[in-house]
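Read the numbers this way: they start at 1 and go in the same order the structure lists the ligands and their atoms. Residues take their numbers from the sequence shown, with the count starting at 1. Note: hydrogens, waters and symmetry copies are ignored here, and every other heavy atom, side chains too, is used.
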Amino acid sequence: MSGQYLSAITSENNQIPVWMMRQAGRYLPEYREIRQQHSFLEMVYTPSVAAEITCQPIRRFGFDAAILFSDILVTPQALGMALRFTEGIGPEFPHPIRTKNDVQSLKRDIRVLDPIYETVQLVRSQLPSETALIGFAGAPFTVASYMIEGGSSKDLKHTKKMMVSETRLFQEVLENVLDVTIDYLDRQVRAGAEALQIFDTWISHLDWDSCEKYSAQYVKKIVTELRQRGISVPITFFGKQTSVFYPLYASTGVNVISIDWNGDMRQIDADLDPSIGLQGNLDPFMLYGPKDIIQQKVHRICNAIQSNRPFIFNLGHGLMPDIPIEAVQWAIDAVRSYSQTTTLS
Ligand code: CP3
């Protein structure tokens, strides 16, 4: 049995599958308990711990898909970059990539990612058969932006400066990330991931042409290479502002495009090639609201998809640490009650 998530993408079924970005994380008391005992990276690189955290939201809510507990910033570690996560600050690369020398100092240390494939295997053996396991990686643009900025940034100034004034060097950084990302995704699938998601969060900082050149073209390279290697699992693209940029991803070969909450799903559904699936797009802040508003918002999104395309219910971005747990349950219930009504009618 393949479950709702995979069969929705292959159009065998009209129940709407649901999972949520950052479904494993600090809003769950069972996550916070484990987090007290380990650093974030310790959790990511300890297969038994990462597998347990991946499965926590499935046990509690019965989501249709589990997403591997890891982070998009592990691929720079495979390029030899030191990474730390600091409480209250977030990710930090103490030696950012800014010069030709910095780029030349990048290495290939892909063995550091080996424990993550072990996590994938463990999770697959622990999940119910109907729950799909999604593996993921960051796309070259967003990952490179963290490597160049040295951490989170409000405007990606260093990244965009390098992009426009030292384009060749910038492309070299992207190519380095591309290389390890393809290998990383390929090996996740071989270890048991049944679907992949590519995160390019910070395309929201780009203009149309740059988005095509430095994000969509690289996503296309990833998908093309994976398909050439015989990887056939569905691939979803996620980014902020996909409500604007989605047409750029229609020809990258991805199977599903995840839409941020700014987008009108009805209009996007009418416009986008119906062979491409949609995912989205509840504003996670709506989960601070009362049950009836959450239900209305969820039903409005489900009802916006009028075509027969694959549709996966999700948030426009990730769950926040202080989201009330019962609101997550209300949203899931609303998706399932919507599917039930439309299946019966
Ligand atoms: O449940 C899941 O979504 C699976 C695991 C997952 C994490 N990060 C765990 C995590 C996934 C898919 C990501 C992706 C990720 N990581 C992205 C792309 C998606 C997005 O959010 O836009 C980005 C940009 C990152 C980089 C990153 N990781 C930042 C900026 C931070 C700090 C901010 C924060 O939320 O704390 C992280 C840390 C991180 N990644 C946490 C988790 C659960 C919090 C760690 C903690 O417990 O302290």
Side-chain angles (χ1 to χ4, degrees), residues 18-46 49-61 63 65-77 81 83-93 116 119-120 123 131-147 149-154 156 159 177 181 184-185 188 193 195-205 215 236-242 258-261 279-280 284 314-323 328:
V18 50
W19 70 277
M20 293 186 192
M21 286 259 304
R22 289 282 170 99
Q23 64 189 21
R26 286 166 295 190
Y27 75 108
L28 289 177
E30 55 269 38
Y31 173 90
R32 290 198 300 269
E33 206 181 306
I34 298 183
R35 180 72 171 92
Q36 275 176 358
Q37 296 153 38
H38 305 274
S39 72
F40 176 64
L41 285 174
E42 224 169 71
M43 299 196 302
V44 165
Y45 285 105
T46 310
V49 173
E52 164 60 21
I53 298 172
T54 305
C55 294
Q56 283 178 343
I58 308 306
R59 253 183 255 129
R60 189 184 268 272
F61 300 112
F63 284 115
I67 184 157
L68 172 69
F69 182 77
S70 178
D71 200 84
I72 64 163
L73 298 179
V74 297
T75 41
Q77 292 185 297
M81 288 186 79
L83 167 68
R84 59 176 185 239
F85 280 84
T86 310
E87 202 66 48
I89 297 179
E92 291 175 295
F93 290 106
I116 298 176
T119 304
V120 171
V123 174
T131 312
L133 173 57
I134 305 172
F136 73 92
F141 175 74
T142 292
V143 172
S145 80
Y146 282 97
M147 291 162 60
E149 300 296 328
S152 299
S153 151
K154 63 174 188 337
L156 301 195
T159 309
V177 181
T181 304
Y184 180 50
L185 290 170
Q188 287 182 52
L196 293 172
Q197 184 153 317
I198 300 172
F199 288 94
D200 214 352
T201 308
W202 300 124
I203 55 170
S204 50
H205 289 286
S215 172
T236 297
F237 176 78
F238 170 90
K240 277 191 157 186
Q241 291 296 308
T242 41
S258 195
I259 302 293
D260 64 81
W261 68 76
Q279 176 175 275
N314 207 309
L315 308 174
H317 199 230
L319 284 164
M320 286 78 79
D322 63 345
I323 286 289
V328 172

Notebook entry, point to check: Taking the non-hydrogen atoms of Gly318, is any one of them nearer than 4.0 angstrom to ligand 1?
Noted result: no
Margin query: So does Lys240 get a backbone contact from the side chain of Ser204, meaning a donor-acceptor N/O pair under 3.5 Å?
Written below: no
Next item on the list: Mark whether atom 33 (C) of ligand 1 lies under 4.0 angstrom from at least one protein heavy atom.
Entry: no
Next item on the list: State the atoms of ligand 1, each with its element, that fall below the 4.0 Å cut-off from a heavy-atom position in Ala24.
Entry: 1 (O), 43 (C)
Check: Are any of the N/O atoms in Tyr146 less than 3.5 Å from those in ligand 1?
Finding: no
Notebook entry, point to check: Quick one: which of Ser70, Gly151, Gly239 has a heavy atom closest to atom 7 (C) of ligand 1?
Noted result: Ser70
Note to self: If the cut-off is 4.0 Å to any non-hydrogen atom of Tyr31, which atoms of ligand 1 fall inside it?
What the structure shows: 43 (C), 45 (C), 46 (C), 47 (O)
Item checked: Heavy atom of the protein closest to atom 25 (C) of ligand 1 (residue, atom name, distance) -> Ile72 CG1, 3.6 Å
Notebook entry, point to check: Under 3.5 Å, is there a donor-acceptor pair between the Glu92 and Thr86 side chains?
Noted result: yes
Check: Is there a donor in the side chain of Tyr45 and an acceptor in the side chain of Gln77, or the other way round, less than 3.5 Å apart?
Finding: yes
Check: Quick check, are the ring centers of Phe141 and Tyr146 under 6.0 angstrom apart?
Finding: no
Notebook entry, point to check: Do Arg26 and ligand 1 have an N or O pair less than 3.5 Å apart?
Noted result: yes
Item checked: Contacting atoms of ligand 1, where contact means under 4.0 angstrom from a heavy atom of Thr201 -> 18 (C), 19 (C), 20 (C), 22 (O), 24 (C)
Next item on the list: Give the residue and atom name of whichever protein heavy atom lies nearest to atom 37 (C) of ligand 1, and the separation in Å to one decimal.
Entry: Phe85 CE2, 3.5 Å
Checklist line | Distance-only side-chain donor-acceptor flag, Trp202 / Glu149, under 3.5 Å | finding: no
Next item on the list: May I have the step-by-step check of side-chain contact (heavy atoms from CB on, under 4.5 Å) for Phe61 and Leu28, ending in yes or no?
Entry: CA-CA 11 Å; Phe61 300 112; Leu28 289 177; 4.1 Å; yes
Margin query: Checking the side chain of Asp260 only, and the main-chain atoms of Gly316 only, is there a donor and an acceptor separated by less than 3.5 Å?
Written below: no
Check: Can you name the nearest heavy-atom pair linking Met147 to Val177, along with the distance?
Finding: SD-CG2, 3.6 Å
Notebook entry, point to check: Taking the minimum heavy-atom distance to atom 16 (N) of ligand 1, which of Val74, Asp71, Thr86, Ile67 ranks first?
Noted result: Asp71
Notebook entry, point to check: For Arg22 and ligand 1, does the shortest N/O to N/O distance drop below 3.5 Å?
Noted result: yes
Next item on the list: Around atom 21 (O) of ligand 1, find the nearest protein heavy atom and jot down its residue, atom name and distance.
Entry: His317 NE2, 3.4 Å
Check: Based purely on interatomic distance, does Trp202 place a nitrogen or oxygen under 3.5 Å from a nitrogen or oxygen of ligand 1?
Finding: no
Item checked: Over all atoms of both residues, closest heavy-atom pair of His38 and Val49 -> NE2-CG2, 4.0 Å
Item checked: Closest heavy-atom pair and its distance - Pro284, Leu315 -> CB-CD1, 4.1 Å
Margin query: Counting non-hydrogen protein atoms only, what is the nearest one to atom 48 (O) of ligand 1? Give residue, atom name and distance.
Written below: Arg35 NH2, 2.9 Å
Next item on the list: Can you spot which of Glu42, Glu87, Glu30 makes a salt bridge (Lys or Arg N to Asp or Glu O under 4.0 Å) with Arg35?
Entry: Glu87
Next item on the list: Report, in ascending order of atom number, the atoms of ligand 1 lying under 4.0 Å from any heavy atom of Phe199.
Entry: 12 (C), 18 (C), 19 (C)
Item checked: Those atoms of ligand 1 less than 4.0 Å from some heavy atom in Phe69 -> 43 (C)
Next item on the list: Apply side-chain contact (heavy atoms from CB on, under 4.5 Å) to Thr242 and Ser258, showing your working.
Entry: CA-CA 7 Å; Thr242 41; Ser258 195; 5.6 Å; no
Notebook entry, point to check: So is Lys240 in contact with ligand 1, going by heavy-atom distances below 4.0 Å?
Noted result: no
Next item on the list: Indicate the ring-plane relationship of Phe238 and His317, choosing parallel, tilted or perpendicular according to the 30° and 60° boundaries.
Entry: parallel
Item checked: Atoms of ligand 1 close to Leu68 [distance to a heavy atom under 4.0 angstrom, numbered from 1] -> 4 (C), 5 (C)
Margin query: Quick test of your reading of the structure: of Phe40, Tyr27, Phe136, whose heavy atom lies closest to atom 10 (C) of ligand 1?
Written below: Phe40
Item checked: Per-atom contacts of ligand 1 with Pro91, taking only distances under 4.0 Å to non-hydrogen atoms -> 29 (C), 30 (C), 31 (C), 32 (C)
